[in-house]
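In what follows, a single structure is set out as structure tokens and then discussed.
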Amino acid sequence: MPTPRPIRKAVFPAAGLGTRILPATAVLPKELLPIVDKPIIQYGVEEAAAAGMSQIVLVNSPGKRILEDHFAPHPALDAVLARRGKSVLLAGLRDLTAGIELSTACQAEPLGLGHAVLVSRERVGDEPFAVVLSDDVIDADPPALRQMLAAYAEVDGPVLLVERVPREAVGRYGVIAGDPLGGGVHRVTDLVEKPAPEDAPSDLAIIGRYLLTPDVYPALEQTGKGQGGEIQLTDGLRRLLAQRPIFAVELDGVRHDAGNKPGYLRAILHFARKHPELGAVLAEPPGREPAP
Ligand code: UTP
């Protein structure tokens, strides 16, 4: 089997409307909502950087430029913090942005996740790449993308991240049918977007990480509107499956869909509990600031 080409680029589709979390997202992009002290998208970019992906392609809509601003330099703020001896407050973000190159691709209208990936084509070119849906916030060791890269090194083809979900929840996801190969890796035999529970081929739901090969682009180009009148990535992958093998790996870790209100709250609680300084706050009685 040929050695797979290294994956340097990660596409972050972020041009959706975020309607499930309104009114918070009426003006503020969902990806900038904070989970404790970092915006949602920063968790994803940190995960990509930890997996050796240094080129981030943000698929953005014209109304969400503020998302790019988060990763831009902040000289005025930096100067004030330096004067106050508080440079450490921005240190993590500064280190992260120093190690990555961010570019954007514009999705003028939210025509679906498949379409969002398609508009990244020029930025990605003819090489394998990752897709990160940052509102699926994952806490895993090793990080989810690293788990996927380990599987990718063993198989010859795209790798999707999957998780077992309750049968009644399958209708919110793309779902795979697959033959288990051992070690949580499956060879995908079919994919269905948002199936009814009785039609779902399994309980293995695709969650927000993909390692894709560039042949997904022509497949997406030929993919028409599917579920919800949108161009679905799952449908494009189904088309690709007719031409080449596709694989899936089960996540070993904790995922929260921070794109809906209960999932967003669970993500906050999860990361707050783990936070070295803020975790203790959750154990305090409400409304009372303890004596210093
Ligand atoms: P979601 O299914 O979470 O859709 O998209 P959404 O529009 O962001 O949110 P809701 O459903 O209205 O609450 C999954 C990911 O794909 C991106 C979103 O930004 C999110 O990261 N996406 C979706 C696009 O970039 N473009 C699209 O046309 C659709």
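Order of appearance sets the numbers: ligands from 1, and atoms from 1 within every ligand. Below, all heavy atoms of this structure are taken into account, side chains as well, without hydrogens, waters or symmetry copies.
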task = May I ask whether atom 10 (P) of ligand 1 is less than 4.0 Å from at least one protein heavy atom?
result = yes
inquiry  = What verdict does the salt bridge (Lys or Arg N to Asp or Glu O under 4.0 Å) test give for Asp257 and Arg172, after you've listed the backbone C-alpha separation in whole Å, the side-chain angles of each residue and the deciding distance to 0.1 Å?
reply    = CA-CA 11 Å; Asp257 177 1; Arg172 297 206 297 267; 5.6 Å; no
key: Contact summary for Ser134 and Val137, nearest pair of heavy atoms   = O-CG2, 3.6 Å
task = Find out if a path of hydrophobic residues (ILVMFWY) with successive side-chain heavy-atom gaps under 4.5 Å connects Leu282 to Leu265.
result = yes
query = Which residue owns the protein heavy atom closest to atom 12 (O) of ligand 1, what's the atom, and how far is it?
reply = Thr19 OG1, 2.5 Å
query = Under the criterion side chain to side chain contact (heavy atoms under 4.5 Å, CB included), which of Lys64, Arg65, Glu68 is the partner of Thr104?
reply = Glu68
note = Sequence neighbours excluded, the answer for ring pair (Phe, Tyr, Trp, His ring centres under 6.0 Å) partners of Tyr217 is Phe129
task = Kindly check if the number of other-residue, nucleotide or ligand heavy atoms within 6.0 Å of CZ (Arg239) is above 12?
result = yes
message = Taking distance alone, with N or O pairs closer than 3.5 Å, would you say Ala15 contacts ligand 1?
response = yes
message = Regarding ligand 1, does Gly16 bring an N or O atom to under 3.5 Å of one of the ligand's N or O atoms?
response = yes
key: Within-4.5 Å side-chain heavy-atom neighbours: Asp190 and Pro201   = no
query = Any idea which atoms of ligand 1 are less than 4.0 Å away from a heavy-atom of Gly18?
reply = 6 (P), 7 (O), 8 (O), 9 (O), 10 (P), 12 (O), 13 (O)
query = Among the clusters formed by ILVMFWY side chains lying less than 4.5 Å apart, do Phe247 and Tyr210 turn up in the same one?
reply = no
ask   = Can you tell me if Leu17 has a non-hydrogen atom under 4.0 Å from ligand 1?
value = yes
ask   = Out of Val119, Ile41, Leu133, Leu22, who gets a non-hydrogen atom closest to atom 15 (C) of ligand 1?
value = Leu133
key: Test of proximity, Val59 against ligand 1: N or O pairs below 3.5 Å   = no
key: Contacting atoms of ligand 1, where contact means under 4.0 angstrom from a heavy atom of Ala14   = 19 (O), 25 (O)
ask   = Short list, please: which atoms of ligand 1 are under 4.0 Å from a heavy atom of Lys30?
value = 3 (O), 6 (P), 8 (O), 9 (O)
query = Which atoms from ligand 1 have a heavy atom of Pro110 less than 4.0 Å away?
reply = 28 (O)
key: Set of salt bridge (charged side-chain N to carboxylate O under 4.0 Å, His left out) partners for Asp136, sequence neighbours left out   = Arg255
ask   = Among Lys261, Gln232, Arg20, which one has a heavy atom closest to atom 3 (O) of ligand 1?
value = Arg20
task = Pull out every atom of ligand 1 sitting under 4.0 Å from any heavy atom of Ala116, numbered as shown with elements.
result = 24 (C), 25 (O), 26 (N)
query = Which atoms of ligand 1 sit under 4.0 Å from any heavy atom of Gly112?
reply = 26 (N), 27 (C), 28 (O), 29 (C)
inquiry  = One pair to check against salt bridge (Lys or Arg N to Asp or Glu O under 4.0 Å): Arg164 and Asp203. What are the steps and the verdict?
reply    = CA-CA 5 Å; Arg164 293 194 187 277; Asp203 61 351; 2.7 Å; yes
query = Which heavy atom in Leu67 sits nearest to a heavy atom in Ala14, and how many Å separate them?
reply = CD2-CB, 3.6 Å
key: Nearest-neighbour protein heavy atom for atom 20 (C) of ligand 1, which is reported as residue plus atom name and distance   = Pro13 O, 3.9 Å
task = Write out the residue and atom name of the closest protein heavy atom to atom 16 (O) of ligand 1, then the distance separating them to 0.1 Å.
result = Leu113 CD1, 3.6 Å
inquiry  = Residue-level breakdown please: for His115 versus ligand 1, do any non-hydrogen atoms fall below 4.0 Å on the side chain, on the backbone, on both, or on neither?
reply    = neither
Heavy atoms of other groups near Glu122 CD, more than 12 under 6.0 Å = no
ask   = Counting from 1, what ligand 1 atoms have a heavy atom of Gln107 closer than 4.0 Å?
value = 24 (C), 25 (O), 26 (N), 27 (C), 28 (O)
ask   = Non-hydrogen atoms of Glu230 versus ligand 1: any pair closer than 4.0 Å?
value = no
ask   = Hey, is ligand 1 close enough to Glu109 that some N/O pair sits below 3.5 Å?
value = no
inquiry  = Using side-chain heavy atoms (C-beta onward) and a distance below 4.5 Å, is Leu233 in contact with Leu220?
reply    = yes
message = I'd like to check which ligand 1 atoms, numbered from 1 as shown, lie under 4.0 Å from a non-hydrogen atom of Glu31.
response = 19 (O), 21 (O)
query = Under 4.0 Å from ligand 1, counting heavy atoms only, is it the side chain of Leu111, its backbone, both or neither?
reply = backbone
